[in-house]
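Working notes, beginning with the structure itself.
Because only heavy atoms are used, hydrogens play no part in the values below, and waters and symmetry mates are left out as well, while side chains stay in. Each residue takes its place number in the sequence, starting with 1.
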Amino acid sequence: MLTEPRAGRLAAWGNALIAGMVSPDDAAVAIVGDDAVHRVEGLPGEAGPVGLTLALGRLRALGARGLRVALPAPGHPLGLSGPPEFNARALEAEEAVICHGAALGLVPEVYEAGPEGDVHVEVVWHCLAVREAPPADVPSLGEAERELAEALRDATEVLTRLDVAGSGPVAEAALAAYRARAERGREVLAPGYPSRAVRVLEMAQRVGMLISLAYENGHGGAVSAAEMAARGEALRPVERTARRAQVAAYNSVVEEREHGVR
């Protein structure tokens, strides 16, 4: 979770577009980000792949009133509602977007070419039928914030005891990159999101980065099998909690609209 999921960018800026807070072109540019191009394939009424601007407009015409994010992992269908075919594709990609108000979902397939440092990235979003049902295991923003704070505190105690907190030049470089990204515009979500969602997403991304560093730093001071098992036990629940918090943040606008908060 060092970088935001593409599903998150698509949902966030798609929601801003649906709310009339950004133009279609601005939304498309923000969704593409550093990639070369994004296309949508399998969209009802289209014979072939289409660009993001057209695709977002078509989804609105098909009844989409908002976009939700799913970040599933093995044994944890976070944000999914079925059917099994769509869930399997989303699990393979580890992310997906679900249309609220239209029984459609989008799963990215990423194509990369070129040498390191000059990689050309194209993304094809496959549009597939989904089941209209509540998404699996998505907490409210308030629940996500509380769970994340508790999980981070518990995991920090264990990781500190096992001497596997991020340290050394690799960890320092990753932390510096995170801070630089966080300071660049501070727009971790699109216009229209509540400040609490921004706060929860920033915390979830920070926790995800620390988890990644702990995994990348090898065994650290956890030299025994029991200590390594304890580290894994400490990381798994907080990683799960961070993913749940990310989904809660991205989906917060849709949840508020659905419940008439705004």
Side-chain angles (χ1 to χ4, degrees), residues 1-14 16-17 22-59 67 69-74 78-80 85-99 104-130 169-171 173-182 184-185 187-190 201 205 208-209 211-213 215-217 239 243 246-247 250:
M1 278 189 285
L2 285 172
T3 58
E4 62 185 336
R6 290 181 172 89
R9 290 205 308 267
L10 176 57
W13 288 91
L17 174 62
V22 297
S23 70
D25 288 341
D26 287 345
V29 169
I31 293 166
V32 171
D34 294 330
D35 298 334
V37 65
H38 284 216
R39 297 185 180 88
V40 179
E41 186 174 69
L43 198 62
E46 297 294 336
V50 299
L52 277 175
T53 302
L54 175 58
L56 290 169
R58 180 58 56 83
L59 289 174
L67 302 175
V69 170
L71 297 178
L78 176 61
L80 297 175
E85 297 80 8
F86 181 83
N87 288 3
R89 293 284 292 268
L91 180 58
E92 183 178 0
E94 298 183 340
E95 58 179 314
V97 172
I98 315 295
C99 295
L104 297 170
L106 302 164
V107 179
E109 185 171 6
V110 180
Y111 300 89
E112 297 182 351
E116 184 176 354
D118 188 25
V119 179
H120 179 91
V121 179
E122 296 188 8
V123 179
V124 175
W125 293 90
H126 297 279
C127 186
L128 305 163
V130 299
V170 175
L175 285 166
Y178 172 81
R179 293 191 188 100
R181 178 182 176 276
R184 193 169 60 237
E187 193 166 45
V188 297
L189 282 169
L201 183 58
Q205 290 174 339
M209 177 204 64
I211 292 170
S212 296
L213 290 177
Y215 277 128
E216 290 168 4
N217 282 353
E239 183 177 30
R243 283 191 300 108
Q246 273 194 304
V247 172
Y250 284 120

request  = Determine yes or no for a side-chain-to-main-chain donor-acceptor pair under 3.5 angstrom, with Arg243 supplying the side chain and Leu78 the backbone.
outcome  = no

Expected list for residues 112-121: side-chain donor-acceptor pairs under 3.5 angstrom, two or more places apart:
unit_1, atom_1, unit_2, atom_2, d
His120, NE2, Glu122, OE2, 3.0

inquiry  = Ignoring hydrogens, what is the shortest heavy-atom contact between Ala12 and Leu189? Give both atom names and the distance.
reply    = CB-CD2, 4.2 Å

query = Under the side-chain contact (heavy atoms from CB on, under 4.5 Å) test, which residues partner Ala93, sequence neighbours left out?
reply = Val107, Pro108

remark   = In terms of heavy-atom contacts, Leu56 and Ala27 come closest through CD1-CB, 4.5 Å

task = Kindly write out the residues that satisfy side-chain hydrogen bond (donor to acceptor under 3.5 Å, both in side chains) with Asp26, not counting sequence neighbours, or none if the list is empty.
result = Ser23

Name every donor-acceptor pair, under 3.5 Å, that has one atom in a side chain of residues 40-54 and the other anywhere in the protein, sequence neighbours excluded.
unit_1, atom_1, unit_2, atom_2, d
Glu41, OE1, His126, ND1, 3.3
Glu46, OE2, Arg58, NH1, 3.1
Glu46, OE2, Arg58, NH2, 3.0

ask   = What's the verdict on side-chain contact (heavy atoms from CB on, under 4.5 Å) for Tyr111 and Val123, showing C-alpha distance, side-chain angles and the deciding distance?
value = CA-CA 6 Å; Tyr111 300 89; Val123 179; over 6 Å; no

task = Could you check Arg6 against Val110 for side-chain contact (heavy atoms from CB on, under 4.5 Å), going step by step and ending with a plain yes or no?
result = CA-CA 10 Å; Arg6 290 181 172 89; Val110 180; 3.7 Å; yes

task = Test Leu106 against every option in Leu67, Leu59, Leu128 by the side-chain contact (heavy atoms from CB on, under 4.5 Å) rule and name the one that passes.
result = Leu59

ask   = Do Tyr250 and Arg9 have side-chain heavy atoms sitting under 4.5 Å apart?
value = no

Residues that Val130 engages under side-chain contact (heavy atoms from CB on, under 4.5 Å), provided they are two or more places apart = Phe86, Ile98

query = If you look at every heavy atom in Pro74 and Leu91, which pair is closest and at what distance?
reply = N-CD1, 3.5 Å

Closest non-hydrogen atom pair, Ala96 against Ala7 = O-CB, 3.5 Å

task = List the atom of Val69, the atom of Ala11, and the distance in Å for their closest heavy-atom pair.
result = CG2-CB, 3.4 Å

ask   = How many angstroms lie between atom CD of Glu109 and atom CH2 of Trp125, to the nearest 0.5 angstrom?
value = 12.0 Å

Pairwise distance CD1(Ile31) to NE2(His38) - rounded to 0.5 angstrom = 8.5 Å

Inter- and intrachain pairs under salt bridge (Lys or Arg N to Asp or Glu O under 4.0 Å), touching residues 87-99, at least two apart = none

